[in-house]
Peer 1: 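I have a structure I would like to understand better, so I am pasting it below and will then ask my questions one at a time.
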Amino acid sequence: MGKSKELSVDLKKRIIDLNKSGKSLGAISKQLQVPRATVQTIIRKYKVHGTVVSLPRSGRKRKLSHAAERRLVRMVKSQPRITKKQVCKDLEADGTQVSVSTVKRVLHRHGLRGCRARKKPLLQKRHLKTRLKFAADHMDKDKTFWRKVLWSDETKIELFGHNTQQYVWRRKGEAFNPRNTMPTVKHGGGSIMLWGCFAASGTGSLQKVNGIMKKEDYLQILQENLKPSARRLGLGRSWVFQQDNDPKHTSKVVKEWLNQARIKVLEWPSQSPDLNPIENMWTVLKKRVHARKPSHLAELHNSVKKTGQNIRPEACQELVDGYQKRLVAVKMAKGHVTKY
């Protein structure tokens, strides 16, 4: 026998109204064509709960007790890289057999969801120490100081965005439909290496690097682009140059030229791209360049130059003016990586 359909709320209310008017269970059953036992059950529940609306049901008993759930959550928090299958095996070894779906539901209920691990530089104790020192030494610097900094870095841009992801809406079984795939080529179809700089007042020079950059190449880039960029951006005389601790940047020949040119260099903590706002600028640049869909390297280079020139100074200033938040984030993370 199939499961009977539940009575509507309106029909249940009519049963209660007829009962209140003094009609018997049999009369109500006959008038509304509802089994007498059902009428009796509805009236009894109304007298107990004061409503005819169906109450939440307890459902099947949970496979995991509250204590077991807490243990499961502690296990995942202490081992973020553990898989759901491994969790099931560990629970089974302790006498609790649950499915992968159960583990997933429990973790979701506690706000834990599977996400891709973010790729960040490896930080050792000495890195944490220097990052904390940098944050402490510069925490009292106001916007005026950071607006005088000329930020710099190198980056690689691939022709077809080798590392980009694209999401599509599709049905099951349509994964390999040409409309739902993203064509790839080896090595991203080629790439170009760039050196660039920017300040709160806008973007500076954007220089293409030919081949593998050596310290002599880096020195030539600085000699040809550093001071002209600072003048064009209106940094005045007391500006500060920022570069990371790449061996080319800290080579003797580069240090000597910076000293001779009387360019003040910001002391920089190693392994700290999250402290350099130019990383965010690179992300904006790459997204806009790939949106242009360049078809060859020469077109890619032209797109990079045009896109770099079109970045609004307001966007640059917004990045720099919020710099203190990065320092606070480093302090709160005790020197570890931040969301920046």
Peer 1: Any side-chain to backbone donor/acceptor pair from Q324 onto D142? Under 3.5 Å, distance only.
Peer 2: no

Peer 1: Between V320 and V149, is a side-chain contact (heavy atoms from CB on, under 4.5 Å) present by the stated rule, with each step listed?
Peer 2: CA-CA 9 Å; V320 174; V149 176; over 6 Å; no

Peer 1: Any donor-acceptor pair under 3.5 Å linking the side chain of S270 with the backbone of N245?
Peer 2: no

Peer 1: Is there a path from M281 to L266 through hydrophobic residues (I, L, V, M, F, W, Y) whose side chains come within less than 4.5 Å of each other?
Peer 2: yes

Peer 1: Near R237 CZ, under 6.0 Å, is it more than 12 heavy atoms from other residues, nucleotides or ligands?
Peer 2: no

Peer 1: Is it possible for you to say whether W282 and M193 belong to one hydrophobic cluster, with membership spreading through side-chain heavy-atom contacts below 4.5 Å?
Peer 2: no

Peer 1: Is it true that W268 and I278 fall in one hydrophobic cluster, defined by side-chain heavy atoms closer than 4.5 Å?
Peer 2: yes

Peer 1: Grab the two heavy atoms, one from D244 and one from H249, that are nearest each other, plus how far apart they are.
Peer 2: OD1-ND1, 2.7 Å

Peer 1: Are V330 and Y340 close enough that some pair of their side-chain heavy atoms sits under 4.5 Å apart?
Peer 2: no

Peer 1: Using 30° and 60° as the class boundaries, would you call the ring planes of Y323 and W151 parallel, tilted or perpendicular?
Peer 2: tilted

Peer 1: Scan K129, Q124, K125 and name whichever one has a side-chain contact (heavy atoms from CB on, under 4.5 Å) with H127.
Peer 2: Q124

Peer 1: Is it true that a side-chain atom of Q242 and a backbone atom of S152 form a donor plus acceptor pair closer than 3.5 Å?
Peer 2: yes

Peer 1: When you measure from the side chain of K286 to the backbone of K156, do you find a donor-acceptor pair of N or O atoms at a distance under 3.5 Å?
Peer 2: yes

Peer 1: Check whether any side-chain heavy atom of L18 sits under 4.5 Å from a side-chain heavy atom of L32, and report yes or no.
Peer 2: yes

Peer 1: Picking from K141, H138, M332, what satisfies side-chain contact (heavy atoms from CB on, under 4.5 Å) with L327?
Peer 2: H138

Peer 1: Tell me, do N225 and C197 make a side-chain contact under 4.5 Å, heavy atoms counted?
Peer 2: no

Peer 1: How far does NE2 of H110 sit from CZ of R74, to the nearest 0.5 angstrom?
Peer 2: 11.0 Å

Peer 1: Are V209 and L206 connected in the hydrophobic side-chain network, where two residues link if heavy atoms are under 4.5 Å apart?
Peer 2: no

Peer 1: I want to check something: taking the side chain as every heavy atom from C-beta on, are D137 and E267 in contact at a cut-off of under 4.5 Å?
Peer 2: no

Peer 1: Is any side-chain heavy atom of I157 closer than 4.5 Å to one of H290?
Peer 2: yes

Peer 1: Would you name the heavy atoms of I192 and K208 that are closest together and state the gap between them?
Peer 2: CG2-CE, 4.0 Å

Peer 1: Pick one: which of L64, D90, L72 meets side-chain contact (heavy atoms from CB on, under 4.5 Å) with T96?
Peer 2: L64

Peer 1: Rounded to the nearest 0.5 Å, what separates atom CG in L219 from atom CD in E224?
Peer 2: 9.5 Å

Peer 1: Are side-chain heavy atoms of K227 and I263 found at a separation under 4.5 Å?
Peer 2: yes

Peer 1: For L222 and F241, work out which heavy atoms get closest and say how close.
Peer 2: CD2-CZ, 3.9 Å

Peer 1: Any chance you could measure T250, atom OG1, to K255, atom NZ, to the nearest 0.5 Å?
Peer 2: 5.5 Å

Peer 1: Carefully, step by step, assess V34 and I28 under the rule side-chain contact (heavy atoms from CB on, under 4.5 Å).
Peer 2: CA-CA 8 Å; V34 177; I28 297 173; over 6 Å; no

Peer 1: Taking the side chain as C-beta and beyond, is there a heavy-atom pair between E92 and C88 under 4.5 Å?
Peer 2: no

Peer 1: Is V100 reachable from L107 through a run of I, L, V, M, F, W or Y residues, each pair having side-chain heavy atoms under 4.5 Å apart?
Peer 2: no

Peer 1: Is a donor on one side and an acceptor on the other found under 3.5 Å between the side chain of T203 and the backbone of G308?
Peer 2: yes

Peer 1: Tell me, please, which residues at least two apart from S272 pass side chain to side chain donor-acceptor pair (under 3.5 Å).
Peer 2: R131

Peer 1: Nearest 0.5 Å, please: how far is CE in M213 from CG in L194?
Peer 2: 10.5 Å

Peer 1: Can you confirm whether H49 is buried at NE2, in the sense that more than 12 heavy atoms of other residues, nucleotides or ligands lie under 6.0 Å from that atom?
Peer 2: yes

Peer 1: Without swapping roles, check the side chain of S205 against the backbone of S229 for a donor-acceptor pair under 3.5 Å.
Peer 2: no

Peer 1: Identify the two heavy atoms, one from W257 and one from L226, that lie closest to each other, and give their separation to 0.1 Å.
Peer 2: CZ3-CD2, 4.1 Å

Peer 1: Determine, stepwise, if the pair E256 / Q260 fulfils side-chain hydrogen bond (donor to acceptor under 3.5 Å, both in side chains).
Peer 2: CA-CA 6 Å; E256 287 179 351; Q260 291 172 2; 5.2 Å; no

Peer 1: Side chains of S99 and T102: do they bring a donor and an acceptor to under 3.5 Å?
Peer 2: yes

Peer 1: Is a side-chain N or O of K331 found less than 3.5 angstrom from the main chain of A136, in a donor-acceptor match?
Peer 2: no

Peer 1: For F145 and V240, which heavy atoms make the closest approach, and how far apart are they?
Peer 2: CE1-CG2, 4.5 Å

Peer 1: Kindly say whether W239 contributes a backbone atom to a donor-acceptor pair with the side chain of K264 at under 3.5 angstrom?
Peer 2: no

Peer 1: Tell me, yes or no, whether the heavy-atom count around K133 atom NZ, taken from other residues, nucleotides or ligands under 6.0 Å, exceeds 12.
Peer 2: no

Peer 1: How far apart are the closest heavy atoms of E154 and W195, and which atoms are they?
Peer 2: OE2-CD1, 3.2 Å

Peer 1: Could you go through the side-chain contact (heavy atoms from CB on, under 4.5 Å) check for D10 and R14 one step at a time?
Peer 2: CA-CA 6 Å; D10 290 338; R14 286 183 65 191; 5.8 Å; no

Peer 1: Taking the basic N atoms (NZ, or NE/NH1/NH2) and the acidic carboxylate oxygens, is any pair closer than 4.0 Å for E6 and K12?
Peer 2: yes

Peer 1: With side chains defined as the heavy atoms from C-beta onward, is the minimum distance between I16 and I43 less than 4.5 Å?
Peer 2: yes

Peer 1: Just wondering, are more than 12 heavy atoms of other shown residues or ligands nearer than 6.0 Å to CD in Q220?
Peer 2: no

Peer 1: Between the side chains of K214 and E216, is the shortest nitrogen-to-carboxylate-oxygen separation below 4.0 Å, so that they form an ion pair?
Peer 2: no

Peer 1: Determine whether V103 and V76 satisfy the following criterion, side-chain contact (heavy atoms from CB on, under 4.5 Å), listing intermediate values before the conclusion.
Peer 2: CA-CA 10 Å; V103 171; V76 173; 5.9 Å; no

Peer 1: Atom CD of Q243 and atom NZ of K248: how far apart are they, to the nearest 0.5 Å?
Peer 2: 11.0 Å

Peer 1: Counting only heavy atoms from other residues, nucleotides and ligands, does the tally under 6.0 Å from CD of E314 exceed 12?
Peer 2: yes

Peer 1: Is it the case that the side chain of T307 and the backbone of V304 share a donor-acceptor pair, with hydrogens and angles ignored and the cut-off at 3.5 Å?
Peer 2: no

Peer 1: If you measure from NZ on K287 to CG on L285, what distance do you get to the nearest 0.5 Å?
Peer 2: 12.0 Å

Peer 1: Quick test of your reading of the model: are K339 and D274 salt-bridged, counting only N-O distances below 4.0 Å?
Peer 2: no

Peer 1: Just by distance, do the side chain of S303 and the backbone of E299 share a donor-acceptor pair under 3.5 Å?
Peer 2: yes

